Amino acid sequence: MDTVAFIDALTHDEGVARAVRLFTDTFGEQPDGVWSAPGRVNLIGEHTDYNAGLCLPIALPHRTFVALKARKDTTARVVSDISPNSVAQADLKGLQAGGVEGWSAYPIGVAWALRETGFTQVQGFDAAFASCVPLGSGLSSSAAMTCSVALALDDVYGLGFGASDAGRVTLITAAMASENDMAGASTGGLDQNASMRCIAGHALLLDCRPELTPLENVSQQPFDLEGLGLELLVVDTQAPHQLNDGQYAQRRAMCDDAARILGVASLRVSADSIARAADPFQALNETLDALPDATMKRRVRHVITEIERVRSFVHAFAQHDIVAAGQLFNASHDSLAADYEVTVPELDAAVDVARSNGAYGARMTGGGFGGSIIALVDRGRSQEIAQRIADEFAARGFHAPRALAAVASDSARREA
Ligand code: ADP
Ligand code: MG
């Protein structure tokens, strides 16, 4: 059997050196600086962000580094170490939503979005990316890319938003607009908030109600696994992750329809009134009874119970009740599999193997339809459990999975 590969995070020195080298090789001069932003794993609270719900991401130690230089004109040129010989280019002047094709829509869309918001001092730029965040694995390489560029542009064009948590919300909005409107990849904001606002050693409890101010919508929850003798194993199943094929948009649209039928602004409103009811179980059933079809009932049951699981997880973890926290991971996955129907056989198999090999709990993380799982395990057991998953995948003819060690890390920052 092949030994399962662990993806190491780039160190500060490696990330800076690789991004600068690609920049100078490509553009023949020195960048203005180097910035980086992390990928993330969401601990719990899946498909809740676009329902104004709760979610709980940590930033990964795995980051995307960008070496960037401002230009005097409105040209944007970008290159990435995934294909170091091809430079993509666009003119920001006159650019329309959807006007850039391919991966370069993500970084160029950030500058476009800032300009559309009225920050017309943002001009063109040259940028080179070096990343260790796996692409399309549900670990948010897209937000790592857009947030690294947003912070870099903020810095070189003196916008002044990057220095404060509240200011970063403006950059998050631009990063989201780039993904939604330029890349055409629907996103609810979890990923960009995680990449811009997480603190090392903490999970970010993010409340996605739109009426909350940036000062009100996050709370930093201590998340020190090492101190508890635990590890968080991430396994990228390598099953293709395709949120662009309409499934994500269908789930979102059905949630919006359900909220309309229930006469609420978002499913979060229903979740909160159910949570406050004398008999929440009965209140949930009454809400589901008001919905017209069985599929919609299951989708709504996932969203409402998942929001409550985030609250329960935060409480359990704060009490160091790891068994309860693990059971909530399991319940989240089971709800995503049976009610929200966003898992695939690889995700279910990886979760099953982790659970039957001693994990306190395991669940898919990210949007689903492929991507990664997370498992809460005793310290020192990640390698072995990842190997068991790899062996099971080999036996079932799945792609070889890859693993990462998730330690709660810092948000986007300037590196050099
Ligand atoms: P995820 O964010 O979970 O990794 P997405 O489908 O949202 O998955 O985003 C992946 C896409 O983001 C890639 O297909 C590519 O277009 C773009 N991307 C992200 N990181 C990079 C990178 N380092 N170089 C080039 N493109 C990237
Ligand atoms: Mg993404």
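Predicted model only: the values in this text are computed from it and were never measured. What you see below is based on every heavy atom in this structure, not just the backbone, and it leaves out hydrogens, waters and symmetry mates. Numbering of ligands and ligand atoms starts at 1, following listing order.
- Between the side chains of Arg197 and Asn217, at least one donor N or O sits under 3.5 Å from an acceptor N or O.
- For the ligand labelled ligand 1, residue Thr64 lies outside the 4.0 Å heavy-atom shell.
- Of the N or O atoms in Gly102, none lie within a sub-3.5 Å distance of an N or O in ligand 1.
- Set against the non-hydrogen atoms of Ile82, the atoms of ligand 1 under 4.0 Å away are 24 (N), 25 (C), 26 (N).
- The backbone and the side chain of Leu135 each have at least one atom closer than 4.0 Å to an atom of ligand 1 (non-hydrogen atoms only).
- Ion pairing between a basic and an acidic side chain is recognised when a charged N comes within 4.0 Å of a carboxylate O; Arg299 and Asp339 show no such pairing.
- Checked by atom type, the side-chain pair Gln221/His202 shows no donor-acceptor distance below 3.5 Å.
- With respect to the salt-bridge test (charged N to carboxylate O, under 4.0 angstrom), the residues Asp272 and Arg268 qualify.
- For residue Ser141, no N/O/S atom approaches the Mg ion (ligand 2) to within less than 2.8 Å.
- With Trp103, Phe65, Phe129 as candidates, the residue nearest to atom 15 (C) of ligand 1 on a non-hydrogen basis is Trp103.
- Under 4.0 angstrom from ligand 1, the non-hydrogen atoms of Ser131 all belong to its side chain.
- Between Glu231 and Arg381, no side-chain nitrogen of the basic residue sits less than 4.0 Å from a carboxylate oxygen of the acidic one, so the salt-bridge criterion is not met.
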**Message:** For a ring pair (Phe, Tyr, Trp, His ring centres under 6.0 Å) check, start with the C-alpha distance between Phe65 and Phe129, then their side-chain angles and the critical distance, and finish with the verdict.
**Reply:** CA-CA 6 Å; Phe65 290 76; Phe129 295 90; over 10 Å; no
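- Between His47 and Tyr340, the distance separating the two ring centers is shorter than 6.0 angstrom.
- For ligand 1, the polar-atom distance check finds an N/O of Ser141 within less than 3.5 Å of one of the ligand's N/O atoms.
- Backbone and side-chain nitrogen or oxygen atoms of Ser142 are examined, and one is located within less than 3.5 angstrom of a nitrogen or oxygen of ligand 1.
- For atom 3 (O) of ligand 1, the nearest non-hydrogen atom from the set Ala143, Gly138, Ala185 belongs to Gly138.
- Here the options are Phe313, Phe317, Tyr360, the test is ring pair (Phe, Tyr, Trp, His ring centres under 6.0 Å), and the partner is Phe329; only Phe313 passes.
- Each of the following atoms of ligand 1 lies closer than 4.0 Å to a heavy atom of Leu139: 3 (O).
- Contacts between Ser80 and ligand 1 below 4.0 angstrom, taking non-hydrogen atoms only, involve the side chain exclusively.
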